[in-house]
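Reviewing the structure listed below.
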There are 2 protein chains.
Amino acid sequence: MNLYQFELFCQIAKVRSFTKAAKLMHLTQPAISSQVQVMENFYGTKLFERSATGVKLTPAGELVYKYAQHFLAEHEKLERELDNLMGTNAQTIVIGASSTIGNFALPCNVWSFKEKYPEANIRIEVENSKKIIELVLEDKVDFGLAEGPEFSHPDLEVKKVGESQVVIITSPNHELSSSNSITIEELKKLPLILREPGSSVREVFIEATKKAGIPAKDLNIVLELGSFQGVLEAVKKGHGISFSCIEAVKKEYHRQELHYLTLKDMELSMPFLLIYRKDRTFSPLAKRFLRFIIGPAALEFC
Amino acid sequence: MNLYQFELFCQIAKVRSFTKAAKLMHLTQPAISSQVQVMENFYGTKLFERSATGVKLTPAGELVYKYAQHFLAEHEKLERELDNLMGTNAQTIVIGASSTIGNFALPCNVWSFKEKYPEANIRIEVENSKKIIELVLEDKVDFGLAEGPEFSHPDLEVKKVGESQVVIITSPNHELSSSNSITIEELKKLPLILREPGSSVREVFIEATKKAGIPAKDLNIVLELGSFQGVLEAVKKGHGISFSCIEAVKKEYHRQELHYLTLKDMELSMPFLLIYRKDRTFSPLAKRFLRFIIGPAALEFC
DNA sequence: TAAACTTACGTTGTGCGTAAAAATC
DNA sequence: GATTTTTACGCACAACGTAAGTTTA
């Protein structure tokens, strides 16, 4: 039996559903089923009553739940005491993050991390993906979190820690605002506002056009801006259309300040990558943060 | 982090040595090293100070030790409470065991199991290995523990859970009592006292002679006895030589009632097998006992 | 029939053993 | 030089994802 299983168990007990717990823990539903079966087999008794509306704890399950919560709480206490002993909590982590992650995903993760480690000192440097890789290589940050595409480098460890859908964004007054998807051929005539080269959202789009057989020079790029906020403003004013991670424009979409649509024949998606030097030795606090990012509480938008 | 790792950790802390802990937990020493490294990496700090004389806990290690003991104790409490809830503790386990295991290894295991589950009702049926397999197939026992050799059967799960060295036993007054080993060629002329066919010690020996190219009829078998105790008595009196698991005659050897020697060109060893029907469903208590037998507190002589 | 859980199966990563090396008394 | 821990590597099993199946409201 391991603490991770107790964590899964508590999550399931809390939300009373394998499916919901799976989503929260970033697993598939069968994975949850399987782990529960392992636990039930271990303790030799059913722990959940299953039904088509969800699950509920059996009496034995209630007992396991009580202890599981206790174990998790005590283990956090152990980690805190270790921190005190080693002075870990006063350490500093420097993270290099590309703009979508740094502005939209990381802050809430940092926030919940800070709840566990209030004394931790975390600095986030926001740059575009290419610059992040440089910062990592130059050892100027503990690790980098950048948007994809995935790559490999002899000195770097690169791990996918999340993903986001990339959508086309337009002004709500734009001619496209009544449709939900367009073809890439239609797209290429429209005035484009893009981030600077080195930005991942831009790279993902350029890759897609290449795949569709459209050379970069055929694109109608009317403006290149070094900041995401700038692109957003330009699009809102109707100067052209652009691209963004869907999560980064959810707020604007709900406020009806922006419209978004998808490509007809293609899924634009952007992996989030954790990047660090293979030879890097991490401080205990940095390791905790990595566990935090990679683990069940993975990189997520607020 | 999992409870097994905490168990390893506590064992290491207790005996202050990776090597000793490895033996106690029936692992190799590198496996222990590796697990400790995993834990040290997880908590981000050294937990043991290594030296050529053994290891000792660092302050961080002491802290982990304290919590690890706590976790293990609490988890046992959880299992006990589950037992009470389900009435598991009043259940009965029926084990079929072959004579060496049933008489020499199992009793002490049952004894320590009973310490954890005082209400458990355990019945051991002692028969020779062949009969044990029949009992399992006929579903007359929950599971069987028999001496090897290993085999496979479509309806049976067969797992090796231990091993013992087989030695030649003689009276202390025997002409061989001054030597520590003989060849199989010398052996075949000597008067042999064997257990009945179906006994594993006998099978192991017959297998060995076959391998050495000696047909069974060339052997000088002077007596066949249906009980281990009978064989022992006959050997003590000097009627012939026989075979036994080394652990089963340790007591007699130290009392100088028996002498034992090994074969020159061959290692006679006998696996201990756990055998159960593939379709068998175990009671919670039986599962506990199986965990107990298979796990770190594996089948061992008293 | 739609939503929930289970089963089956292929892939990947972790844990272990064997063998050889390095370190310390 | 003997004892103890570490490193390297191959294998086996366990955990997960995908896809198809079963149950129930």
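Residue numbering restarts at 1 for every chain, and letters A, B, ... go by the order of the sequence lines.
A/Arg50 and A/Glu40 are joined by a salt bridge, as a carboxylate oxygen and a charged side-chain nitrogen come within less than 4.0 angstrom of each other.
Side chains of B/Glu247 and B/Ser164: a donor on one and an acceptor on the other come within 3.5 Å. A donor-acceptor contact under 3.5 angstrom links the side chains of B/Ser269 and B/Glu163, judged on distance only.
Counting only heavy atoms from C-beta on, B/Ala31 has its side chain closest to C/dC16 among C/dC25, C/dC5, C/dC16. Comparing D/dA19, C/dA19, C/dG17 by their nearest atom to the side chain of A/Pro30 picks out D/dA19. Of the candidates C/dC25, D/dT5, D/dG17, the closest approach to any side-chain atom of A/Leu27 belongs to D/dG17.
Between B/Gln29 and C/dG17 there is no side-chain N or O to OP1 or OP2 distance below 4.0 Å. A close approach under 4.0 Å does not occur between any side-chain nitrogen or oxygen of B/Thr53 and OP1 or OP2 of D/dT4. For A/Ser33 and C/dT7, the shortest distance from a side-chain N or O to OP1 or OP2 is not below 4.0 Å.
When the C1' atom of D/dA15 is taken as reference, atom CD of A/Glu7 falls 16 Å away, rounded to whole Å. Look at CG on B/Asn41: it is 15 Å from C1' on D/dT6, rounded to the nearest Å. One interatomic measurement links the two molecules: CD of B/Glu157 to P of D/dC13, which rounds to 11 Å at whole-angstrom precision. Rounded to a whole Å, the NE2 atom of B/His26 is 18 Å from the C1' atom of C/dG15. The interatomic distance linking B/Arg50 (CZ) with C/dC25 (P) rounds to 14 Å, in whole Å. Rounded to whole Å, the distance from CZ on B/Phe18 to C1' on D/dT7 is 14 Å. Taking atom CD of residue A/Gln35 and atom P of nucleotide C/dC5, one finds them 16 Å apart after rounding to whole Å. Note: CD (B/Gln37) to P (D/dA8) measures 11 Å, nearest angstrom.
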Quick one: do B/Phe282 and B/Tyr276 satisfy ring-ring contact (aromatic ring centres under 6.0 Å, His included)? Show the steps, please.
CA-CA 10 Å; B/Phe282 292 106; B/Tyr276 54 87; 5.2 Å; yes
Evaluate A/Phe292 against A/Lys287 for side chain to side chain contact (heavy atoms under 4.5 Å, CB included), listing each step before the verdict.
CA-CA 8 Å; A/Phe292 190 77; A/Lys287 280 183 190 167; over 6 Å; no
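Using a 4.0 Å heavy-atom criterion, one finds that B/Ile32 contacts no nucleic acid atom at all. Counting non-hydrogen atoms under 4.0 angstrom, A/Thr28 reaches a base of the nucleic acid. Among the protein residues, B/Ser34 comes within range of no part of the nucleic acid, since none of its heavy atoms lies under 4.0 Å from any strand.
Mapping A/Gly54 and B/Ala52 onto DNA chain C via the closest heavy atom, the residue that lands nearer the 5' end is A/Gly54.
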